[in-house]
Amino acid sequence: MEQTYIEDIAQKVGQEVLICGWLYNRRESGKIQFLLIRDGTGVIQAVVTKADGEAFEKALKLTQESSLKVWGTVREDPRAPGGYEVQIRNIEIVQRVEEKYPIDLKEHGPGFLLDHRHLWIRTPRQTAILRLRHEVMRSIRDFFDERGFIATEAPILTPSACEGTTTLFEVNYFDETAYLSQSGQLYLEATAMALGKVYWIGPAFRAEKSKTRKHLTEFWMAEAEVAFFDHEQNLKLQEELVKYVIQRCLQKRARELKELGRQTESLERVVAEPFARVTYAESLEIVNDLLKEKIASGEVEKLDWGDDFGAPHEEALGQHFGRPVFVEFFPAKMKAFYMEPKPDNPDLVLAADLIAPEGYGEIIGGSQRISDIALLKQRLKDFGLPEEPYQWYIDLRKYGGVPHSGFGLGVERLTTWIAGIEHLRETIPFPRMIYRLKP
RNA sequence: UCCUCGGUAGCUCAGCGGUAGAGCAACCGGCUGUUAACCGGUGGGUCGCAGGUUCGAAUCCUGCCCGAGGAGCCA
């Protein structure tokens, strides 16, 4: 008999099915037992009574997370969680858990759960989040594929810093030192010159000693790069992408969003309305005004020209607009060396960060890239970077340099926002953080 | 790296100078519609580690280790 998955159970009412899974919980009341079985697609209640004989005796032996197969008949019953249940005919215990399962149905702290991440991911909340992550990943791919982008890859092992500044993880590479990539961007610029429109979703590594709910040392970025794209086209693409992903999650993952208790009204508004846009200069005024009381009391720092936003500033800006907001035209010196200057004010660059509402902070950073070879060399010099390791990158301007633009989107940050959860560590199966390398 | 809080039973915590506790989990028993079921019983401890103060330390002091929350930095 073929296995039926729990998510399809509604189509099997009145029929005999085979459920293969794990025991999530068991409740018994004398001559009747209720088994809650999970199979990765959902949880179903199965019922067995003393009159069922052998199956009842086997059910008594089942311990939490024991693996099992259950044959029985599906019926609708309002008393069952989810509205459907299986009347058990036969049970096969695949493996009985002999030792006590470490994770209870309630009351655990984050430290304990992270130590048991390999088991924690079995719980309904975690599977809902991971399914949502899958939808985010898949919809990003679909978005780009539908628009004729080519998926290409950037190397993880790199000879030098892409952006020069951030701390990198060092790796022994035979007789040399290599670094784990902190961004695929520079390589994507090269593949964009080969293929026109490119994207990739890959891991990025930052050895920053950050310890906040918004940081991982290993996270996934969706990056895109388009030849002949300018700043305006770049922002339009980003807005379409974010709306597309959210729309897909709302459509296809309503069950998971409900499981997470996510209020979807704000997400629906994000899809319906245009994103806000402010210049960096305007944003300074807005943020300083919004936070003027906290600045006066010394709780938050006042932002001066050239300052980057801190967490409170980012949050205030997100709350103020109540929808995603692009902050654009930053001072050149506070951003990376490769960004194209604003034509009417070369002290600013054609770059933008996208700030999510509801306090979720920056989810995208992007810019138009420098296309002129002389300017690029000058910028490397200004930033105190050597030309030699960037020779291949300079070549992109020597041989048919064109205006081009791109961006990087933080997959976990976007997923955290859509899920409406507190900490991004739950949006990746095995989070890597400053004090956490295991399991 | 800095600031704050914490580490006591498998888990979540109480106890804060005088015999080591509760709830949940586990195990045993009861209950034919449970919903993180309920009711009764049983077992379960190097009180993070090291040193100090004291007649006496889980409790007070010092150092170290580990973790959580926040800051900075960033996606």
Side-chain angles (χ1 to χ4, degrees), chain A residues 24-36 43 45-52 56 60 63-64 77-83 85 87 97-116 119-120 123-125 163 165-168 182-185 201-223 238 299-301 307-315 334-336 353-356 360-366 407-417 422-425 427-428 433-436:
Chain A
Y24 176 64
N25 192 20
R26 183 168 65 92
R27 290 185 276 265
E28 58 166 309
S29 177
K31 298 182 181 62
I32 186 167
Q33 296 181 68
F34 302 93
L35 311 182
L36 287 174
V43 178
Q45 174 165 283
V47 188
V48 64
T49 66
K50 190 128 195 176
D52 297 313
F56 186 84
L60 279 176
T63 47
Q64 194 185 357
D77 193 314
R79 293 171 298 186
E85 67 182 17
Q87 179 65 48
V97 173
E98 303 291 342
E99 256 180 68
K100 186 170 59 175
Y101 187 66
I103 299 198
D104 298 338
L105 268 48
K106 62 175 182 181
E107 286 198 312
H108 292 293
F112 178 84
L113 289 171
L114 286 165
D115 286 341
H116 295 81
L119 303 175
W120 184 24
T123 60
R125 175 184 160 90
E163 301 181 15
T165 50
T166 354
T167 326
L168 301 170
Q182 60 179 330
S183 164
Q185 183 203 312
I201 305 177
F205 305 87
R206 308 260 166 110
E208 291 153 359
K209 296 192 169 178
S210 301
K211 193 175 161 8
T212 80
R213 71 183 68 175
K214 293 191 177 106
H215 287 89
L216 299 168
T217 54
E218 177 184 302
F219 65 100
W220 287 69
M221 261 206 298
E223 297 180 274
Q238 293 170 39
E299 195 181 330
V300 174
E301 292 209 16
D307 286 347
D308 221 333
F309 295 174
H313 312 107
E314 222 173 64
E315 195 171 329
M334 65 182 283
K335 287 287 182 180
D353 289 348
L354 181 65
I355 313 291
Y360 286 96
E362 184 183 343
I363 54 171
I364 294 181
F407 61 90
L409 174 153
V411 169
E412 287 79 17
R413 285 198 182 168
L414 177 59
T415 307
T416 306
W417 168 35
E422 272 291 298
H423 203 303
L424 93 168
R425 64 188 164 208
T427 61
I428 188 166
M433 295 172 289
I434 176 166
Y435 296 126
R436 217 164 258 289

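All chains are named by letter (A, B, ...) in the order of the sequence lines, taking the proteins before the strands, and each is independently numbered beginning at 1.
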With B for base contact, S for sugar-phosphate-only contact and - for none (protein heavy atoms under 4.0 Å), nucleotides 4-13 of chain B reads ------BSS-
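- Judged by centroid separation below 5.5 Å and plane tilt below 30°, A:F219 stacks onto the base of B:A75.
- Regarding A:H313, its NE2 atom lies at a distance of 12 Å from the C1' atom of B:G72, rounded to whole Å.
- When heavy atoms are screened at a 4.0 angstrom cut-off, A:L36 is found touching no nucleic acid atom at all.
- Looking at heavy-atom distances under 4.0 Å, A:E98 makes no contact with the nucleic acid at all.
- Counting to the nearest Å, the P atom of B:G67 and the CZ atom of A:R425 are 13 Å from each other.
- Side chain to side chain, A:E85 and A:Q45 meet the donor-acceptor criterion of an N or O pair below 3.5 Å.
- With sequence neighbours excluded, no residue forms a ring-ring contact (aromatic ring centres under 6.0 Å, His included) with A:H215.
- Proximity of A:R436 to the phosphate of B:A68: a side-chain N or O atom is located under 4.0 Å from OP1 or OP2.
- The NZ-P distance, from A:K209 to B:U1, rounds to 4 Å in whole Å.
- Nucleic acid contact class of A:E301 (heavy atoms, under 4.0 Å, all strands): none.
- Stem list for RNA chain B (at least 3 consecutive Watson-Crick or G-U pairs, distances under 3.5 Å): B:1-7 with B:65-71, B:10-13 with B:21-24, B:26-30 with B:38-42, B:48-52 with B:60-64.
- With the nearest nucleotide of RNA chain B identified for both A:L354 and A:Y435, A:Y435 has the one nearer the 5' end.
- Atom CD1 of A:I434 is separated from atom C1' of B:C74 by 14 Å (rounded to the nearest Å).
- Counting distance only, with no hydrogens placed and no angle test, the side-chain atoms of A:S210 and the base atoms of B:C73 include a donor-acceptor pair under 3.5 Å.
- Computed from coordinates, the A:F205 CZ to B:C74 P distance equals 20 Å when rounded to whole Å.
- Legend: residues meeting ring-ring contact (aromatic ring centres under 6.0 Å, His included) with A:Y435, ordered by chain and number and at least two apart, are absent.
- Taking each heavy atom of A:V47 and A:Q87 in turn, the nearest pair found is O-NE2, 3.4 Å.
- Not counting sequence neighbours, the partners of A:H116 by the ring-ring contact (aromatic ring centres under 6.0 Å, His included) test are A:F112.
- As judged by a 4.0 angstrom heavy-atom cut-off over every strand, A:A204 is placed among residues making no nucleic acid contact.
- Taking atom C1' in both B:C31 and B:A68, one finds a spacing of 42 Å when rounded to whole Å.
- Using a 4.0 Å heavy-atom distance criterion, A:K211 is classed as a base contact.
- The residue A:D353 sits apart from the nucleic acid: no heavy atom pair falls under 4.0 Å.
- A:H215 places its NE2 atom 10 Å from the P atom of B:A71, with the value rounded to the nearest Å.
- Residue side chain A:Q33 does not reach the base of B:U34 through any donor-acceptor N/O pair under 3.5 Å, judged by distance alone.
- Atom CD of A:Q182 is separated from atom C1' of B:C74 by 10 Å (rounded to the nearest Å).
- Among the protein residues, A:H116 comes within range of no part of the nucleic acid, since none of its heavy atoms lies under 4.0 Å from any strand.
- Between the CZ atom of A:F34 and the C1' atom of B:C38 there is a distance of 13 Å, given to the nearest Å.
- Within 3.5 Å, a donor on the side chain of A:R413 pairs with an acceptor on the base of B:C74, or the reverse.
- At a threshold of 4.0 angstrom between heavy atoms, the contacts of A:G310 are confined to the sugar-phosphate backbone, with no base atom among them.
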Protein-nucleotides 28-30 of chain B N/O pairs closer than 3.5 Å?
none

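- Set against B:C31, B:G33, B:G69, the side chain of A:H423 has B:G69 as its closest nucleotide.
- In this structure, A:Q45 reaches the bases: a heavy-atom distance under 4.0 Å links it to at least one base atom across the strands shown.
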